[in-house]
2 protein chains.
Amino acid sequence: MPTKTFFNLPEEKRQNLMNAAMREFSRASLADASIANIIKDACIPRGSFYQYFEDKADLFFYILEEHSASNRELMMSMAVKHKGDLFASSAEFFESTLHRFMHHEHRDFARNIFLNMNYKIEYKLILDVKNPTTTERIRDFYRSYMSLINRTGLNIRDEKELFHLIKILRAIIIQNFIQFFAGEADYEEVLRNFALELDLLKRGLYAPSGDMSE
Amino acid sequence: MPTKTFFNLPEEKRQNLMNAAMREFSRASLADASIANIIKDACIPRGSFYQYFEDKADLFFYILEEHSASNRELMMSMAVKHKGDLFASSAEFFESTLHRFMHHEHRDFARNIFLNMNYKIEYKLILDVKNPTTTERIRDFYRSYMSLINRTGLNIRDEKELFHLIKILRAIIIQNFIQFFAGEADYEEVLRNFALELDLLKRGLYAPSGDMSE
DNA sequence: ATTATATGTGACACGGTGTCATGTGTCAAT
DNA sequence: ATTGACACATGACACCGTGTCACATATAAT
């Protein structure tokens, strides 16, 4: 986490630094980005940087968490909009996020995130003992999200199975984002792939409704 | 790929270098490992290293491909053993691989692989234009593997759906390995989780057989 | 005015990378 | 035996990025 000093900074200076950081993390992955570039861009001395952040990763995960938070909000709003339909809300979340990735100013940043997605990036926020606030925020999110999901339409037995279903869905969503950014499939193709994969899941996970006759 | 010079090396010297590399890549991820440590350990001069490998990553992916190849072999043999039953063979592949991770000398290496798994590590071998041999090897593998799978027991329509099902399975397998190495779940727990997730998939992906009631 | 506290600053030591000029060994041709 | 061609060995070095630290400056409290 950034230091208190960082948050005491005048708004403009803080924004300036954050913008420079976004530019660098859009240019390169966490591993390849350099503090040297950020401070050169933001015109702040080296020593100041270390007064605000522990290191490169500290800044990176701070930015990442901000973006993740807005993503979680979108997931929640989708679940509400689709009245708890897990598959429908996941589908719209996927499509809308992919669309944002296509046209968004943060496309390169997202690209670097997904092509270098690893355990640390995917879970650090959850497990980071140093960040109990963030940890709690994410726990709350999952609790709220799961309680929003309407289980009567799903072929699952209990909360635990719902949890695993969400885990599977998340893995599939991330995998498709990665393929998109890797250029393995274009926008339309990724959408089709995801729809097909959702369908494979649904055939069993939706409570039988008559279309199981093959 | 290592240079011709590397392969011309006397067996012992080559092994010595590879052992040092394994030790370093077991100690640290690709990003954190250092050539300096490897050459110190193997007692070879810096210049020699660069005569054998382009850089750290070149050596790393060479080692990784060797291990991947043996993993692919295991998957094939499981498919044969289980007479093309995708789920049964995946289950045994998962269990047996996890078991090897538990007790194997290469446990730390695997840990660093999975906790730092990213697109490059997962797909580089497939996409690496510089390595047409490896690329072809992997394409062949998927072709052979898919042809081994018995589709009559599966609720899928065509080869394309089988491909996506395998994609989903792979994502789930990797995710569970990651959770294991991250210490989020122990051996037994991961096995249970994976079994549960397979079951969630099967309920729909296996052709209806009567247990779809409720 | 003095002290305390917060913040700013850049030179520097350290460690790792990749290169390159030079050294060594081998072998075939003369 | 000498020469040249080739493959390989070697470690000093230039370069680059990191994190620290001693010192400078600002602001507020007493």
Side-chain angles (χ1 to χ4, degrees), chain A residues 1-64 112 116 120-121 124 130, chain B residues 1-64 112 116 120-121 124 130:
Chain A
M1 275 293 283
T3 59
K4 199 165 60 64
T5 308
F6 176 70
F7 293 109
N8 288 341
L9 245 42
E11 176 67 18
E12 196 197 326
K13 191 169 179 182
R14 214 171 62 229
Q15 265 310 317
N16 181 40
L17 177 49
M18 292 306 274
N19 290 340
M22 270 308 283
R23 278 191 288 273
E24 179 64 357
F25 289 128
S26 299
R27 185 194 67 79
S29 67
L30 170 58
D32 293 336
S34 88
I35 296 174
N37 282 338
I38 296 173
I39 61 177
K40 206 187 326 167
D41 185 355
C43 293
I44 61 164
R46 187 160 197 82
S48 294
F49 180 91
Y50 286 97
Q51 203 127 32
Y52 309 144
F53 302 99
E54 212 172 295
D55 53 20
K56 205 174 34 167
D58 190 19
L59 168 55
F60 175 79
F61 284 109
Y62 171 63
I63 293 179
L64 184 60
N112 282 326
N116 297 282
K120 248 198 196 135
I121 293 184
K124 169 159 187 162
K130 289 194 223 155
Chain B
M1 276 292 282
T3 60
K4 197 165 63 62
T5 307
F6 176 70
F7 292 109
N8 287 341
L9 245 43
E11 177 66 19
E12 197 198 326
K13 192 167 178 184
R14 213 170 63 228
Q15 267 309 318
N16 182 40
L17 177 48
M18 293 305 276
N19 291 339
M22 269 309 283
R23 278 191 288 273
E24 178 64 357
F25 288 128
S26 298
R27 185 195 65 80
S29 69
L30 169 58
D32 293 337
S34 89
I35 296 174
N37 282 339
I38 296 173
I39 60 177
K40 207 188 323 168
D41 185 355
C43 292
I44 62 164
R46 186 160 198 81
S48 294
F49 181 92
Y50 285 97
Q51 203 129 35
Y52 309 144
F53 302 98
E54 213 173 295
D55 53 21
K56 206 177 29 169
D58 190 19
L59 168 55
F60 176 79
F61 284 109
Y62 172 63
I63 293 179
L64 183 60
N112 282 326
N116 295 281
K120 249 198 195 134
I121 293 183
K124 170 158 188 162
K130 290 195 225 155

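Just so we're on the same page: letters track the sequence lines, and every chain starts at 1. Values reported hereafter were calculated over all heavy atoms of this structure, with side chains retained and with hydrogens, waters and symmetry mates removed.
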Choose from D:dT10, C:dG16, C:dG8 the nucleotide whose nearest atom is closest to any side-chain atom of B:S34.
C:dG16
When you compare the side chain of B:L17 with that of B:I38, does any pair of heavy atoms fall below 4.5 Å?
yes
Whole-Å gap separating P (C:dT7) and CG (A:L17):
15 Å
May I have the distance from A:Q51 (atom CD) to D:dT20 (atom C1'), rounded to whole angstrom?
12 Å
For the side chain of B:A36, counting heavy atoms from C-beta on, which of C:dT17, D:dA9, D:dG17 is nearest?
C:dT17
Separation of D:dG19 C1' from A:I38 CD1 (nearest whole Å)
15 Å
B:S29 side chain to B:N116 backbone, donor-acceptor under 3.5 Å
no
Rounded off to whole Å, could you give me the CD1-to-P distance for the A:I44 and C:dT7 pair?
14 Å
Once you round it to whole Å, what is the distance between C1' of C:dG16 and CZ of B:R27?
12 Å
Write down the distance between CD1 (B:I39) and C1' (C:dG16), rounded to a whole number of angstrom.
10 Å
Is A:Q51 close to A:T3 at the side-chain level, that is, under 4.5 Å between some pair of heavy atoms?
no
Side chain of A:R46 only, please: which of C:dT9, D:dT10, C:dG10 is the nearest?
C:dG10
From the candidates C:dT17, D:dA9, C:dT7, the one with an atom nearest any side-chain atom of B:Y50 is C:dT17
May I ask you to evaluate whether A:K13 reaches the phosphate of C:dG8, defined as a side-chain N or O under 4.0 Å from OP1 or OP2?
yes
For the pair made of CG in B:N8 and P in D:dC6, what is the distance, rounded to whole Å?
16 Å
Side-chain N or O of A:Y52 less than 4.0 angstrom from OP1 or OP2 on C:dG8?
yes
Hey, is the side chain of B:T5 poking within less than 4.0 Å of OP1 or OP2 on D:dA7, counting only N and O atoms?
no
Check the distance between D:dG19's P and A:K56's NZ and give it to me in whole angstrom.
8 Å
So, does B:N37 use its side chain to make a donor-acceptor pair with the main chain of B:E24 at under 3.5 Å?
no
